[in-house]
Amino acid sequence: MFEKKVYLQRRSALKSKINSGILLFLGNEDSPMNYKDNTYHFRQDSTFLYYFGISEPLLAAIIDLDEDETILFGNEMGIDDIVWMGRQKTLAEKSADSGLTKVLPLDQLDAYLEQYQIKKRAVHFLPPYRPENKIKLANWFNIPIGQLKEHASLDFIKAVVSQRSVKSAEEIVELDRAASRSADIHLMVMQQAKPGMYERELAAKIQGEALASGGNLAYPVILTVQGEILHNHYHGNQLKEGQLVLNDSGVETALGYAGDLTRTFPVGKKFSPEQKDVYDIVLNAYTYAKNLLAPGVRYLDVHLASCKILAQGLKDIGLMKGNVDDAVQTGAHAMFFQCGTGHMMGLDVHDMEDLGEQYVGYTDDLVKNTTQFGLKSLRLGKALEAGYVLTVEPGVYIIPELIDRWKAANQFTEFINYDKLEQFRNFSGIRVEDDFLVTENGSRMLGKHLALTTAEVESIRSGAY
């Protein structure tokens, strides 16, 4: 946990953003894999972690804005817990570390919520994403599970988003640490990958190093020779000379802060000429985008500018044609780049995604385009502010099924050279990604430098295996 004052300050700032009512925070529970006592790795809800700092299952809390009272609900370890888990820090001790003075048994929460409803006091809750919390909320407030999202408190959502979006000094230290540890692991993978290995061997090394760092993975490893599959968690392919390895992985620190890096490198010692051409196009888009980051700049404009750099590069090697601006405006470039250039980061690798992209990545004045292929996957579009942490991650992905579908429909024939594209049909994909902090005058990359250029990557690969 951070120092006690951090949580006191966070809760105080939150209370100043909402006028009245009860703020309800639900922590997460252990989630069984195949029977009750065999559970998945526990991860506390990030908003609960942000305001209370206690990473323990079966906790809840309320902040009574009118009575200026904060209560933590949870149970102390019983003898059975001690037998199986060993004596740990008590909940009372953990609550004191969070600056909390009132702790009640979990089963008393029901009575408190019932009294609030009898007195017709507003209870604000956030959109639930875990099924057990959906069931609790549905039972407490007599709301059908399918309607919980629309009953979530917009004031509460916006207050949390505005606060968590701007990272404090202690958070930036954690995010720097996460990015640096992630870079170390990426370098290790570049140094150890070789033809004949299976993807799962490298994925296992990544997971092992993440645990050894004192934290864990920030998200399931994407380590694949099929880089055209954007979130490919299959690890059964064998690495072969001539292929590319796309490694998208990141460490989560012990305090829950995420790193999110991607590098693409050859299975062999060198990129092929075609691979080098496409890699340089992606790197140019990455460089252009990161140089635009500054307070007041809309990330939507960063994304569109990056797309135009990609489209121009693809036009230069014959895969696209026509007017680049028109190609991006109509979405023709999404044949090669189907997702967004970046997203917010923090306690979640896609920060606060559970609260709703329209509130996290956009504003009332900037509504997300949810219809155009490619643009609908841009998680962040709003103007940047100092303290924001985000990724920059352009890519080129050659998806055979997409080629066939668009070609059969004669789609974007004025912008896409389908004859040339057939020669790249089995190319796979390339992505380059780093994490950035928006500063008062621009931005800075978090963590440490990790090989970026083809020359740097080939230099590492020349001494590998």
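Throughout, numbering of the chain's residues begins at 1 and tracks the sequence.
Annotation: side chain of Phe336 is in contact with side chain of Ile398 (closest heavy-atom distance under 4.5 Å). Proximity of Asp434 to Val392: side-chain heavy atoms (C-beta onward) are nowhere separated by under 4.5 Å. In this structure, the side chains of Leu300 and Leu375 come closer than 4.5 Å at one or more pairs of heavy atoms. Put simply, the side chain of Glu393 does not reach to within 4.5 Å of the side chain of Thr341, judged on heavy atoms. Contact annotation: the side chain of Glu252 approaches that of Arg43 to within less than 4.5 Å [non-hydrogen atoms, C-beta and beyond]. Considering only heavy atoms from C-beta on, Tyr50 stays 4.5 Å or farther from Leu14 through its side chain. In this structure, Leu175 and Leu437 have side chains that are not in contact, with every pair of non-hydrogen atoms separated by 4.5 Å or more.
With sequence neighbours excluded, the residues satisfying side-chain contact (heavy atoms from CB on, under 4.5 Å) with Arg200 are Tyr198, His235. In this view, Glu456 and His449, Ala451, Leu452, Thr453 satisfy the side-chain contact (heavy atoms from CB on, under 4.5 Å) rule, not counting sequence neighbours. Evaluation of the side-chain contact (heavy atoms from CB on, under 4.5 Å) rule for Gln243 yields Val225, Lys240, Val267 as partners, not counting sequence neighbours.
When ring centroids are compared, Tyr388 and Tyr299 stay outside the 6.0 Å threshold. Aromatic rings of Phe156 and Phe25 (six-membered ring for Trp) have centroids within the 6.0 Å cut-off, being under it.
Note that the CD atom of Glu353 and the CG atom of Asp348 stand 8.5 Å from one another [nearest 0.5 Å]. Atoms CE and CG, from Met1 and Leu49 in turn, are 8.5 Å apart once rounded to the nearest 0.5 Å.
A salt bridge is defined here as a Lys NZ or Arg NE, NH1 or NH2 lying under 4.0 Å from an Asp or Glu carboxylate O, and Arg130 with Asp354 fails to meet this definition. Ion pairing between Lys167 and Asp351 holds under the 4.0 Å rule for side-chain N and carboxylate O. Electrostatic pairing of Asp248 and Arg431 counts as a salt bridge here, judged by a charged N lying under 4.0 Å from a carboxylate O. Look at Asp364 and Lys382 and you find no salt bridge, because none of the NZ, NE, NH1 or NH2 atoms lies under 4.0 Å from a carboxylate O.
Side chains of Tyr129 and Asn28: a donor-acceptor N/O pair is present below 3.5 angstrom, by distance only. Looking only at atom types and distance, the side chain of Gln226 has no donor-acceptor partner in the side chain of Thr224 under 3.5 Å away.
Counting non-hydrogen atoms of neighbouring residues, nucleotides and ligands closer than 6.0 angstrom, the CD atom of Glu3 reaches no more than 12 such neighbours. Around atom CD of Glu93, more than 12 heavy atoms belonging to other residues, nucleotides or ligands sit under 6.0 Å away. Heavy-atom neighbours of Gln192 CD from other residues, nucleotides or ligands within 6.0 Å: above the threshold of 12.
When Leu380, Val389, Val161 are each tested for a side-chain contact (heavy atoms from CB on, under 4.5 Å) with Met344, only one passes: Leu380. The only member of Lys158, Arg164, Met352 that meets side-chain contact (heavy atoms from CB on, under 4.5 Å) when paired with Val360 is Met352. Checked options Ile222, Leu223, Ile185; the residue passing with Asn247 is Leu223 (criterion: side-chain contact (heavy atoms from CB on, under 4.5 Å)).
Note that Arg177 lies outside the cation-pi zone of Tyr257, set by a 6.0 Å cut-off to the ring centre and a 45° limit from the axis.
Between Phe2 and Tyr7, the ring planes are tilted. Angles from 30° to 60° get that label. Classified by interplanar angle (parallel below 30°, tilted 30° to 60°, perpendicular above 60°), the ring pair His303/Phe337 is tilted.
The side-chain hydrogen bond (donor to acceptor under 3.5 Å, both in side chains) contacts involving residues 138-151 comprise Asp110-Trp140, where partners must be two or more places apart or lie in separate chains. Every pair tested for side-chain hydrogen bond (donor to acceptor under 3.5 Å, both in side chains) that includes a residue from residues 70-82 fails, sequence neighbours excluded, so the list is empty.
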Expected list for residues 29-41: side-chain donor-acceptor pairs under 3.5 angstrom, two or more places apart:
residue : atom : partner : partner atom : Å
Glu29   : OE2  : Lys136  : NZ           : 2.7
Asn34   : OD1  : Asn38   : ND2          : 2.9

